[in-house]
2 protein chains.
Amino acid sequence: MYDDLKKRAVDLAKTASSSDIIFDALRDAIISGNMKAGESIRQENIAKIFNVSRIPVREALKKLESQGLVKNERYKGAIVSSLSDAEFKEIYEIRLLLEPTVVRYAAQNISKEALEIARACCEEFSTETDSAKWGELNRKFHEALYMGANRPFHLKIINEASDRIDSYIRAQLVLTDGMTKARKEHMEILEACEKGDGDRAAALTRQHIEDSYNSLMEFMGNNSSKLA
Amino acid sequence: MYDDLKKRAVDLAKTASSSDIIFDALRDAIISGNMKAGESIRQENIAKIFNVSRIPVREALKKLESQGLVKNERYKGAIVSSLSDAEFKEIYEIRLLLEPTVVRYAAQNISKEALEIARACCEEFSTETDSAKWGELNRKFHEALYMGANRPFHLKIINEASDRIDSYIRAQLVLTDGMTKARKEHMEILEACEKGDGDRAAALTRQHIEDSYNSLMEFMGNNSSKLA
DNA sequence: ATATTGAATATTGTATCCAATATGCAATAT
DNA sequence: ATATTGCATATTGGATACAATATTCAATAT
């Protein structure tokens, strides 16, 4: 019954609210580097852009704040968060703890279909010439792979940590020749997963993250200490 | 100038907003187990309790949702989140990754004063007879120690993960003899930190978390597989 | 000229109100 | 009796209105 209707079914109950949409848009703007650290965010301005009142904007800002992407000060407003050198390094320490572990789970558990999605993401990352898309494709590849681990909480932590440094990574990918190395490393990690070699995938992921940190340190002219 | 006034200075700009206060109260109610998983949260009811409109309540709920403590469904409302067995285990996997690492940093970096605070917390945990306070004191001890690591992002992740399972831990501490073991293990971890023995502190912390998981599994009559 | 004060403006936090949706129940049809 | 529909009520999402605080800047005092 209703066979034809069911084909066009969408879960209308799960459509995004205004505040969800605004959250996504602000998050994108921040992690892409379009909105810079320290930049102030006026509720009224955002509300005008999306043709809504300040209420959904405020809810979006609350969520961004609890993920650390913006800082709110009572009666003063919100600004895009910045990262100190120590905080920057700490984000990488967290990635280094979680991502190799998760990729090991993924290598062991990932389904054939999920692997194919990851491979598609990897190839898109390797062939895309529009540098504006590299950052997003980079994240997509990692997420596609990590999805196979079946560890939603780990993934949430990784995603929120990655958000904090994404603008730096994007700049480094575009402004240096970081893409060459990243493409090669992605391919190797993917292949290890395809072979079900969790140890190798984990080791490569660890190396990939360390390389990313070192490249960024060099790019930013910062001779900070090595990752633990 | 103003010497006497400065003695009574408080940073009024940092006083909590209504939504902050409501967030804290709801969080306490949830992690204490006072509000049970699946229980619905009516905005209007909470608003009445705090004598405010629904607006600050909604902002508190947004923050609770982004930390996973409640689930919101559009036009239906919020309920206290539950944890599947797999999710429960995953929280422990995360603790097992982060806490031994953090306690190692703490053993190496913690200041004399911070150690004394941790010791005070440890002793309070050991001597408190009011079982209703055990859960909070348990968290306080761990946090006091971890503060010494100077890793605010790690700490935030640990705290949010711990929030998700705190109601179970409190029940287990009160309804079994878990306190005996916990008190002994806390003391040993603290002593390792006092000696600056990071490896030992990390190993003990790992054991402490595994013990906690196993006790809880037994307590809940769940023969789930061991932690990785 | 510099510092201080006070008013005007801007911005945020919250209350109140309205619209959209969900829920429960009575009325009706089968 | 059961299923379906329509209505009344409850609840949430968001708009508007207002109060609290911050910021800016002119006016005044030193």
Side-chain angles (χ1 to χ4, degrees), chain A residues 1-2 5-6 9-27 29-30 35 38-81, chain B residues 1-2 5-6 9-27 29-30 35 38-81:
Chain A
M1 204 164 30
Y2 308 122
L5 262 183
K6 281 181 181 170
V10 288
D11 189 344
L12 290 174
K14 296 234 167 79
T15 52
S17 65
S18 299
S19 72
D20 291 337
I21 291 168
I22 294 167
F23 169 83
D24 286 340
L26 284 173
R27 171 181 169 276
I30 293 169
M35 296 180 76
E39 190 174 333
S40 83
I41 307 174
R42 294 294 128 195
Q43 296 173 6
E44 187 64 39
N45 295 344
I46 311 299
K48 272 183 203 149
I49 292 171
F50 290 92
N51 193 31
V52 294
S53 75
R54 288 186 294 121
I55 299 287
V57 175
R58 290 171 55 84
E59 293 180 354
L61 288 172
K62 263 274 184 262
K63 188 169 171 187
L64 288 163
E65 181 183 30
S66 77
Q67 299 191 3
L69 288 175
V70 314
K71 270 203 275 255
N72 259 308
E73 231 177 323
R74 200 157 140 77
Y75 294 117
K76 289 191 181 162
I79 62 169
V80 179
S81 294
Chain B
M1 205 164 27
Y2 309 120
L5 261 185
K6 281 181 181 170
V10 287
D11 189 344
L12 289 175
K14 295 233 168 77
T15 51
S17 65
S18 299
S19 71
D20 291 337
I21 291 168
I22 293 167
F23 169 83
D24 286 340
L26 284 173
R27 172 180 170 274
I30 293 170
M35 295 181 78
E39 191 173 332
S40 84
I41 306 175
R42 292 298 125 184
Q43 297 173 6
E44 185 66 39
N45 295 344
I46 311 299
K48 272 184 203 152
I49 291 171
F50 290 92
N51 191 30
V52 293
S53 75
R54 288 185 296 121
I55 299 288
V57 176
R58 290 176 43 178
E59 293 181 353
L61 287 172
K62 263 277 185 254
K63 188 168 171 188
L64 288 163
E65 181 183 30
S66 78
Q67 300 193 2
L69 288 175
V70 313
K71 270 203 275 257
N72 260 306
E73 231 177 322
R74 201 157 140 76
Y75 294 119
K76 289 189 182 164
I79 61 169
V80 179
S81 293

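Atom CD1 in Ile41(B) sits 4.5 Å away from atom CD1 in Ile30(B) (nearest 0.5 Å). With rounding to the nearest 0.5 Å, the separation of CD1 in Ile46(B) from NZ in Lys48(B) is 11.0 Å. Interatomic distance, NZ of Lys63(A) versus CD of Glu65(B), reported as 6.0 Å (0.5 Å rounding).
When side chains are defined from C-beta on, Lys62(A) does not count as touching Phe23(B), because their heavy atoms never get closer than 4.5 Å. Val70(B) has its side chain out of reach of Leu26(B): every pair of non-hydrogen atoms, C-beta onward, lies at least 4.5 Å apart.
Taking atom CG of Asn45(A) as the reference point, atom P of dA10(C) lies 12 Å away to the nearest angstrom. Distance, Glu44(B) CD to dC18(C) C1': 15 Å, rounded to whole Å. Rounded to whole Å, the distance from CG on Asp20(B) to P on dG13(C) is 10 Å. Atom CZ of Arg42(B) and atom P of dA22(C) are 13 Å apart (whole Å).
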Donor-acceptor contacts, no H, no angles, side chain residues 9-18 of chain B, under 3.5 Å, sequence neighbours left out:
from     : atom 1 : to       : atom 2 : distance (Å)
Asp11(B) : OD1    : Ala13(B) : N      : 3.0
Asp11(B) : OD2    : Lys14(B) : NZ     : 3.4
Thr15(B) : OG1    : Leu12(B) : O      : 2.8
Ser17(B) : OG     : Ser19(B) : OG     : 3.3
Ser17(B) : OG     : Asp20(B) : N      : 3.3
Ser17(B) : OG     : Asp20(B) : OD2    : 3.1

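Along DNA chain D, the stretch of nucleotides lying under 4.0 Å from any heavy atom of chain B spans, 5' to 3', dT11(D) to dA15(D).
The two residues Glu39(B) and Met35(B) come nearest to each other via the heavy atoms OE1-CA, 3.4 Å. Closest non-hydrogen pair, Arg27(A) versus Leu69(A), comes out as CG-CD1, 4.1 Å.
Contacts of residues 9-17 of chain A with DNA chain D (heavy atom under 4.0 Å): Ser17(A). Of the residues in residues 52-79 of chain B, Val52(B), Ser53(B), Arg54(B), Ile55(B), Pro56(B), Tyr75(B), Lys76(B) come within less than 4.0 Å of DNA chain C through at least one heavy atom, sorted by number.
Residues satisfying the side chain to side chain contact (heavy atoms under 4.5 Å, CB included) test with Ile79(B), not counting sequence neighbours, are Ser40(B), Lys71(B). Lys76(B) pairs by the salt bridge (charged side-chain N to carboxylate O under 4.0 Å, His left out) definition with Glu73(B), not counting sequence neighbours. In this structure Ile55(B) satisfies the side chain to side chain contact (heavy atoms under 4.5 Å, CB included) test together with Ile55(A), Ser53(B), Glu59(B), sequence neighbours excluded. The side chain to side chain contact (heavy atoms under 4.5 Å, CB included) test applied to Gln43(A) returns Arg54(A), Val57(A), Arg58(A), Leu61(A), not counting sequence neighbours. Annotation: side chain to side chain donor-acceptor pair (under 3.5 Å) contacts of Ser66(B) (sequence neighbours excluded): Ser66(A).
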Please list, pair by pair, any protein nitrogen or oxygen found under 3.5 Å from a nitrogen or oxygen in nucleotides 4-9 of chain C.
none

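Residue contacts shown for Ile41(A) are limited to sugar-phosphate atoms, with no base heavy atom under 4.0 Å away.
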